[in-house]
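Right, one structure below, let's go through it.
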Amino acid sequence: PKLNEYVIIDFQLIFDSISKIIIQYFDDKSKHGPHLADKTLFKQKGLINASVLRNVSGCLEKDELVSLLQHRHIISKIETTNTNASKMEKTNNTMFFMPCVLPKVELSYDQSRNSSCLLVLFDHGYCPVGLFCAATTTLIVAHKWKVNTGGLQFRNKINFYCTYSEISYNVIFSAFSTHYEICLMGKLVPKVKYMIYKDIDAVFGKVCEDMKYPPPSYGFYCPGES
């Protein structure tokens, strides 16, 4: 049967499948399971081979867990750009990005206070649970934004690059407790800024609707304010 023909009454079965993956990859003492290089790739960059997800489907058939996790914005198929990290990245195996398993990093308000940062704001004064990771995976799927797999990524700070008008731009997406920052690096013409902001608004509109959150508002830092 197709995934949309299922009625999932107990999501604990799905959570158990995901937990099984996380335990395997975070247990450094175990002599069984994934290779050390693959564990490091998962823990530091959130990348996992598609075959692993298919093998732990549990109550679902192969590929159905993958489809469900994609539908819930938990994972996204990704193109790796670093050819030196591990044997798995050098091959053409299908990889998925799962940002929710990444470690967090301490963010500084002062380092990013500039007018090139778009602020994503919420009426209740704090960021909804799970929305950052959902927006991250949707940017990859819907608008072909690419994660820079050459460096470390974090659950609250993702380094993207995206291409508009045949030019690539670096974008840093950060999650503070009260708002998100999307900082566009380098000089951008107004037309390109508009295209990027339009895509960002479309992504937040979709994930907020899917997750039953009210849509955000947007703003910028005022120059000179501390």
Side-chain angles (χ1 to χ4, degrees), residues 3-19 21-22 46 48 53 60 64-78 96-109 112-113 115-147 153-160 162 171-184 193-222:
L3 192 61
N4 61 5
E5 296 175 359
Y6 282 109
V7 176
I8 300 176
I9 299 174
D10 186 2
F11 261 91
Q12 188 60 46
L13 297 172
I14 308 301
F15 297 147
D16 289 346
S17 297
I18 300 173
S19 297
I21 298 171
I22 295 173
I48 188 169
L53 295 175
L60 299 175
E64 291 177 341
L65 177 62
V66 171
S67 298
L68 180 61
L69 295 179
Q70 287 178 301
H71 176 69
R72 299 307 303 166
H73 312 298
I74 296 173
I75 62 172
S76 58
K77 190 179 292 187
I78 190 171
F96 286 94
F97 182 50
M98 188 184 294
C100 61
V101 302
L102 293 169
K104 295 184 70 173
V105 65
E106 185 175 352
L107 300 175
S108 170
Y109 285 94
S112 299
R113 280 191 176 276
S115 58
S116 68
C117 293
L118 176 69
L119 305 182
V120 185
L121 309 166
F122 302 92
D123 291 340
H124 35 61
Y126 62 89
C127 298
V129 175
L131 189 62
F132 180 80
C133 291
T136 295
T137 58
T138 306
L139 281 167
I140 295 169
V141 173
H143 297 290
K144 302 297 190 293
W145 286 33
K146 297 182 180 180
V147 174
Q153 301 290 350
F154 301 95
R155 190 163 74 243
N156 57 338
K157 184 178 181 181
I158 303 294
N159 193 334
F160 285 107
C162 53
V171 182
I172 299 176
F173 184 20
S174 304
F176 293 87
S177 59
T178 58
H179 66 281
Y180 298 152
E181 285 183 353
I182 303 176
C183 295
L184 313 178
K193 277 189 177 182
Y194 172 78
M195 293 167 65
I196 294 175
Y197 293 157
K198 184 178 179 181
D199 286 348
I200 291 170
D201 182 52
V203 163
F204 276 102
K206 175 175 176 53
V207 295
C208 285
E209 181 180 2
D210 289 350
M211 301 177 76
K212 310 303 180 185
Y213 289 132
S217 56
Y218 304 97
F220 298 91
Y221 286 124
C222 295

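- Remark: side-chain polar atoms of Asn156 are paired, donor with acceptor, to backbone N or O of Val105 under 3.5 angstrom.
- Between Phe96 and Leu69 there is no side-chain heavy-atom pair separated by less than 4.5 Å.
- Residues that satisfy the ring-ring contact (aromatic ring centres under 6.0 Å, His included) test with Tyr213, not counting sequence neighbours, are absent from this structure.
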_Could you go through Arg72 and Leu68, starting from their C-alpha distance and side-chain angles, then the distance that decides it, and tell me whether this counts as side-chain contact (heavy atoms from CB on, under 4.5 Å)?_
CA-CA 6 Å; Arg72 299 307 303 166; Leu68 180 61; 4.3 Å; yes
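- Remark: Ile200 CD1 to Ile182 CD1 distance equals 3.5 Å, nearest 0.5 Å.
- Side-chain contact check for Gln153 versus Asn159: some heavy-atom pair is nearer than 4.5 Å.
- Residue pairs meeting the salt bridge (charged side-chain N to carboxylate O under 4.0 Å, His left out) criterion with at least one member in residues 207-219, sequence neighbours excluded: Lys206-Asp210.
- Annotation: the span from Thr136 atom OG1 to Leu131 atom CG amounts to 9.0 Å, rounded to 0.5 Å.
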*Show your reasoning for whether side-chain contact (heavy atoms from CB on, under 4.5 Å) applies to Cys127 and Phe176.*
CA-CA 8 Å; Cys127 298; Phe176 293 87; 5.9 Å; no
*Given side-chain contact (heavy atoms from CB on, under 4.5 Å), test Leu121 with Tyr218 step by step and report yes or no.*
CA-CA 6 Å; Leu121 309 166; Tyr218 304 97; over 6 Å; no
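- Listed by chain and number, the residues in a ring-ring contact (aromatic ring centres under 6.0 Å, His included) with Phe173 are Phe132, Tyr180 (sequence neighbours excluded).
- In this structure, Cys100 and Cys133 have their SG atoms no less than 2.5 Å from one another.
- Between Ser174 atom OG and Leu119 atom CG the span is 11.0 Å, to the nearest 0.5 Å.
- Atom CG of Asp199 sits about 8.0 Å away from atom CG of Leu139, to the nearest 0.5 Å.
- Residues passing the ring-ring contact (aromatic ring centres under 6.0 Å, His included) test with Tyr126, sequence neighbours excluded: His124.
- Using a 4.5 Å cut-off on side-chain heavy atoms (C-beta onward), Leu102 and Phe97 make contact.
- Residues passing the side-chain contact (heavy atoms from CB on, under 4.5 Å) test with Thr137, sequence neighbours excluded: His73, Ser76, Pro99.
- Between Cys117 and Phe220, the shortest heavy-atom contact is O-CD2, 3.4 Å.
- Side chains of Pro215 and Phe204 form no contact here, defined as non-hydrogen atoms less than 4.5 Å apart.
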*Derivation of the side-chain contact (heavy atoms from CB on, under 4.5 Å) call for Trp145 and Ile196*: CA-CA 10 Å; Trp145 286 33; Ile196 294 175; 3.9 Å; yes
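- Among residues two or more places apart in sequence or in another chain, the ring-ring contact (aromatic ring centres under 6.0 Å, His included) test is passed with Phe154 by none.
- In this structure, Gln70 CD and Thr138 OG1 are separated by 11.0 Å, a value rounded to the nearest 0.5 Å.
- Atom-to-atom distance recorded for Lys104:NZ and Lys157:NZ is 14.0 Å, nearest 0.5 angstrom.
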